[in-house]
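Scroll down for the structure; my scribbles are underneath it.
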Amino acid sequence: MTDAVHHFIEQYGLLAVFVGCVAEGESAAILGGFFAHQHVFVLWHAFVAAALGAFVGDTFFFILGRSFADNRHVVRLRRRPGFRRAYRLLNTHPNVFVLSNRYVYGMRLVGGIAAGLSTIAAPRFVILNAISSIIWAVLFSTIGYVFGLGAEHFVGQALLRHERLLIGLGIGLTVAVLAWLVARHIARRERRREQ
């Protein structure tokens with residue numbers, strides 16, 4: 001069974017990193033770095049998959065806000081906690097907002113829609129988003145890579161390849177659950193502030 005898991009990750013791991021980074025992808029980028037450390041795939045491939053996923057996701061949300069402002073899904077997203085604050089920040093500091101939006105957990109979707117609804121020029125958004133995506137991907141994939149070094153040191157050199165993969169999946173699941181709990185806490189706090 002572990003050989004099947006290993007083969008699956010080798011075949012589809014980078015695609016999973018890309019897809020995971022399209023949405024709120026910190027855990028996907030970290031896991032990509034971890035698997036690169038485990039030599040499942042090359043580190044720069046993890047960087048590229050994470051950066052492309054982040055770029056595509058934010059650009060998609062930007063286009064959604066820009067082209068479909070009256071769509072019921074966009075209108076519903078505009079009611080999410082923090083949207084008004086994000087829109088205000090975007091209009092006062094557009095460059096800083098686009099460069100830093102992805103680092104605030106739970107705000108990427110809202111921030112992308114807000115950017116699309118704002119007056120920021122599309123080429124300017126694309127350039128800033130590309131810069132931010134690259135920096136973000138390198139940062140979080142490197143964290144996963146370094147975490148892999150620490151995990152290897154902590155657990156020891158005696159682990160076999162398939163055991164490392166299962167540990168990596170466990171770490172990824174733990175990071176995803178923790179990120180979800182933090183996002184839930186932040187969303188509750190934002191709702192209380194807006195009431």
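One-based numbering along the sequence shown.
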Main chain of L99, side chain of S132: is a donor-acceptor contact present, judged purely on distance under 3.5 Å?
yes
How far apart are the closest heavy atoms of A69 and V75, and which atoms are they?
O-CG2, 3.8 Å
To the nearest 0.5 Å, tell me how far S100 OG sits from I135 CD1.
11.0 Å
Does a side-chain heavy-atom distance below 4.5 Å link F35 with F41?
yes
So, does T92 use its side chain to make a donor-acceptor pair with the main chain of L89 at under 3.5 Å?
yes
side-chain hydrogen bond (donor to acceptor under 3.5 Å, both in side chains) between R124 and N95, intermediate numbers included
CA-CA 9 Å; R124 182 179 179 187; N95 292 345; 2.8 Å; yes
Distance-minimising heavy-atom pair for W136 and E26:
CZ2-N, 3.7 Å
Nearest 0.5 angstrom please: L90 CG to F125 CZ, how far?
9.0 Å
Relative to each other, are the rings of H39 and H37 parallel, tilted or perpendicular (30° and 60° limits)?
parallel
Using side-chain heavy atoms (C-beta onward) and a distance below 4.5 Å, is I113 in contact with L64?
yes
Look at the side-chain heavy atoms of Ile, Leu, Val, Met, Phe, Trp and Tyr, link any pair under 4.5 Å apart, and say whether V96 and I134 land in one connected group.
no
Considering all heavy atoms of both residues, which atom of R66 and which atom of A115 are nearest to each other, and what is their separation?
NH2-O, 3.5 Å
Could you give the side-chain donor-acceptor pairs of residues 46-62 under 3.5 Å, partners two or more places apart or in another chain?
| residue | atom | partner | partner atom | Å |
| --- | --- | --- | --- | --- |
| D58 | OD1 | R108 | NE | 3.0 |
| D58 | OD1 | R108 | NH2 | 3.2 |
| D58 | OD2 | R102 | NH1 | 3.1 |
| D58 | OD2 | R102 | NH2 | 2.7 |
| T59 | OG1 | F55 | O | 2.7 |
| T59 | OG1 | N129 | ND2 | 3.0 |

When every non-hydrogen atom of L43 is compared with those of A36, the smallest separation belongs to CA-CB, 3.6 Å
